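See structure below.
Below, read A as the first sequence line, B as the second, and so on, with proteins coming before strands; counting in each chain starts at 1. The model shown is predicted, which means the values in this text are computed figures rather than measured ones. No hydrogens, no waters, no symmetry mates; every other heavy atom, side chains included, goes into these values.
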Amino acid sequence: MADEKKLTPRGEDFAAWYNEVVLRAELADYSPVRGSMVIRPWGYGIWENMQRALDDMFKATGHENAYFPLLIPMSFIEREQEHVEGFAPELAVVTRAGGKELEEPLVIRPTSETIIYSMYAKWVQSWRDLPVLLNQWANVMRWEMRTRLFLRTSEFLWQEGHTAHATGEEAERETLLILGIYRRFMEEWMAMPPITGLKSNSEKFAGAVRSYACEALMQDNKALQAGTSHFLGQNFSRQFDLKFQSEAGQEEYAWNTSWGVSTRLVGGLVMTHGDDAGIVVPPRLAPLQVVIVPILKGDDTAAAVKAKAAEVADRLRELGLRARVDDRDNVSPGSKYYEWERKGVPMRVEIGPRDLAEGKLALARRLVPEGAKRKEFVAEGEAVAGMPERLEAFQAELLQAALRRRDEHSYRGVKSVDEVKEILDGPGGFVFTGWNGDPAVEQTMKDACKATSRVVASEEFRSETPPERCVSGDGPSQMEVVWARAY
RNA sequence: CGGGGCGUGGCUCAGUCCGGUAGAGCGCUGCGUUCGGGACGCAGAGGUCCCCGGUUCGAAUCCGGGCGCCCCGACCA
């Protein structure tokens, strides 16, 4: 960095920008163990707000929280063939404890299907015990070769929902219900509009029958898998003997789903809204929505300014907002502006002697609309009373901007691998094409374009005119698939 | 695992080629003056120069070995 105070601009080096902004906005820091990270209060505060919103949505749809243990017997993981093959390279295993070699190695959970369905097998006897709708907030570990803060770390935080149902249809409905919840959360809370769809066989969860995903487009026009919801069929039920007696008296295997989002979402948030000044946190997720900076002159106005700042903060809190006065006296106001902008606080209020005299407050939004002034001077009463609406308007604008960017970088009616390559080597984005369903086409795309199939688009994301031919030129299209370079 | 780079104060780094009192900027502490977009003055704290061994009167610097981290590639539910 030529200037230590400035971040590397996004356009110059997006990856460098991302790392700097995560560190300098104090979202996270590297830990002594390679590939793991410390989530600092500002980053954790964002995660807590995400958790609260998602948890409310899960509860509203009948789910309950529980907690299953960190350590899983190795033999459990090995029970489901595809599952073990998918996870084997990433497992961290405890072989020694209490000063002795363990008789059976214990896996630090990379995900909890095996332990959870083994327990469900104990708890479920009858169709009357179904459905089981549980979620857990937990940490998981997947040993990664190359890591990036929030986006890919060996240990991360997430929620994993695991349900058991009497019928496949019901389980499939659950899978899609959760996919919808994820999508709604990403739009309404994160202002990060994903496209949704079905994962190809090569991209699906190891052990699932079908995986659905939310894929969001980052500002560098790479895709981020932001949430997944899996229809597991009876794969795990069969391996863990999760059976129930049906209404008709038949013994049947239960049908399962599992679904999760992780702290990766924080990384997605950064790459969706951040700019060269720092991150931008949508108001609904911001740990601090309004920061108040008093401008203190070395005269007799100082006390009055401080009192007004405290009063405004109180009144904003009475409106249910998260507001705070930054009353540090060893940092100049300008320095505070930069700091809170870097951290993405949606709204800043400045109060100085001049404002006090005029009965006004200076409002500075984290991002200002095209052509608008950086600061707005508003009568105090109106500024306070109108703050919730201003924040909601900001939230809505962030979503609109992200939607616009996503749609501007969605390329439809693309007919050849060469064309896909041209787009991805150029502007980048989501490329919609026809596909015959052959995995060989995915390999071709990977070799030629460094792109993977992100999803087979859900109905509402499909093009008005369905593609006729597969992008490979080989046969008619069976489905419309979205390609992108991905995180 | 292959290729490249780097380990010096909290951070970013200079010094290493050519051995001779360990430095700068930022940050930090105290006091004072400041405060409407990254303040200033004065005083101060802070270092096993990644580790082990060797050469030398003397090693951050030279030699040997080891460890760690970062980047690129491969891999990636």
Worksheet item: Using the rule for Phe, Tyr, His and the six-membered ring of Trp, do A:Tyr337 and B:G37 stack at under 5.5 Å and under 30°?
Response: no

Item to complete: May I have all residue pairs that pass salt bridge (Lys or Arg N to Asp or Glu O under 4.0 Å) and include part of residues 72-91 of chain A, sequence neighbours excluded?
Response: A:Glu82-A:Lys204

Discussion item. Using only modelled atom types and a 3.5 angstrom limit, is any donor from either the side chain of A:Lys336 or the base of B:G36 paired with an acceptor on the other?
Written reply: no

Fill in: ring-ring contact (aromatic ring centres under 6.0 Å, His included) contacts in which one or both residues fall within residues 330-349 of chain A, not counting sequence neighbours
none

Discussion item. At 4.0 Å (heavy atoms only), tell me whether A:Glu203 reaches a base, stays on the sugar-phosphate, or touches nothing.
Written reply: nothing

Can you pull every protein N or O that's under 3.5 Å from an N or O on nucleotides 67-69 of chain B?
none

Worksheet item: Just checking A:Tyr338: base, sugar-phosphate only, or nothing, at a heavy-atom cut-off of under 4.0 Å?
Response: base

Report, one line per pair, each donor and acceptor closer than 3.5 Å where one atom sits in a side chain of residues 367-378 of chain A; sequence neighbours left out.
{"residue": "A:Lys375", "atom": "NZ", "partner": "A:Glu350", "partner atom": "OE1", "Å": "3.1"}
{"residue": "A:Lys375", "atom": "NZ", "partner": "A:Glu350", "partner atom": "OE2", "Å": "3.1"}
{"residue": "A:Glu376", "atom": "OE1", "partner": "A:Arg390", "partner atom": "NH1", "Å": "3.1"}

Worksheet item: Quick one: on RNA chain B, does A:Trp158 or A:Thr147 contact a more 5' nucleotide (nearest heavy atom)?
Response: A:Thr147

Discussion item. Below 4.0 angstrom, which residues in residues 351-364 of chain A have at least one non-hydrogen atom near RNA chain B?
Written reply: A:Gly352, A:Pro353, A:Arg354, A:Asp355, A:Ala362

Practice prompt. Under 4.0 Å between any heavy atoms, over every strand shown, what does A:Arg148 touch: base, sugar-phosphate, or nothing? Just pick one.
Written response: nothing

Worksheet item: Closest to the A:Leu296 side chain: B:C76, B:C35, B:G36?
Response: B:C35

Discussion item. I want to confirm an ordering. Mapping A:Arg348 and A:Gly86 to their closest nucleotides on RNA chain B, which one lands closer to the 5' end?
Written reply: A:Arg348

Worksheet item: When all nucleic acid strands are considered with a 4.0 Å heavy-atom cut-off, which category describes A:Arg328: base, sugar-phosphate, or nothing?
Response: nothing

Worksheet item: Below 3.5 Å, does any donor atom in the side chain of A:Glu341 face an acceptor in the base of B:G37, or the other way round?
Response: yes

Response to the item:
By the Watson-Crick or G-U definition, both distances under 3.5 Å, B:G73 is matched with B:C1

Practice prompt. Select one nucleotide: of B:G36, B:C76, B:A39, the one nearest the side-chain heavy atoms of A:Ser332.
Written response: B:A39

Fill in: B:G36 versus B:C31 - spacing of their C1' atoms, nearest Å
26 Å

Response to the item:
Picking from B:G37, B:G38, B:G36, the nucleotide nearest the side-chain atoms of A:Ser335 would be B:G38

Item to complete: Tell me, please, which residues at least two apart from A:Ala208 pass side-chain contact (heavy atoms from CB on, under 4.5 Å).
Response: A:Phe205, A:Ser211, A:His230, A:Leu232

Worksheet entry | Any residue meeting side chain to side chain donor-acceptor pair (under 3.5 Å) with A:Glu341, in chain and number order, not counting sequence neighbours | A:Arg348

Worksheet entry | Spacing of A:Trp158 atom CH2 and A:Gln136 atom CD [to the nearest 0.5 Å] | 8.5 Å

Fill in: Sequence-distant partners of A:Lys446, side chain to side chain donor-acceptor pair (under 3.5 Å), two or more places apart
none

Discussion item. Rounded to whole Å, please give me the gap between CG in A:Asp29 and P in B:C70.
Written reply: 13 Å

Practice prompt. Using a 4.0 Å heavy-atom cut-off across all strands, classify A:Gln225 as base, sugar-phosphate, or nothing.
Written response: base

Worksheet item: Does the ring centre of A:Tyr117 sit less than 6.0 Å away from the ring centre of A:Tyr120?
Response: yes

Item to complete: Only counting residues at least two apart or in another chain, list the ones meeting side-chain contact (heavy atoms from CB on, under 4.5 Å) with A:Asn135.
Response: A:Asp55, A:Phe58, A:Asn65, A:Trp137, A:Gln159, A:Trp259

Worksheet item: So what does A:Lys446 touch, heavy atoms closer than 4.0 Å: a base, only the sugar-phosphate, or nothing?
Response: sugar-phosphate

Discussion item. Strictly by Watson-Crick or wobble contacts shorter than 3.5 Å, is anything paired with B:C35, and which nucleotide is it?
Written reply: none

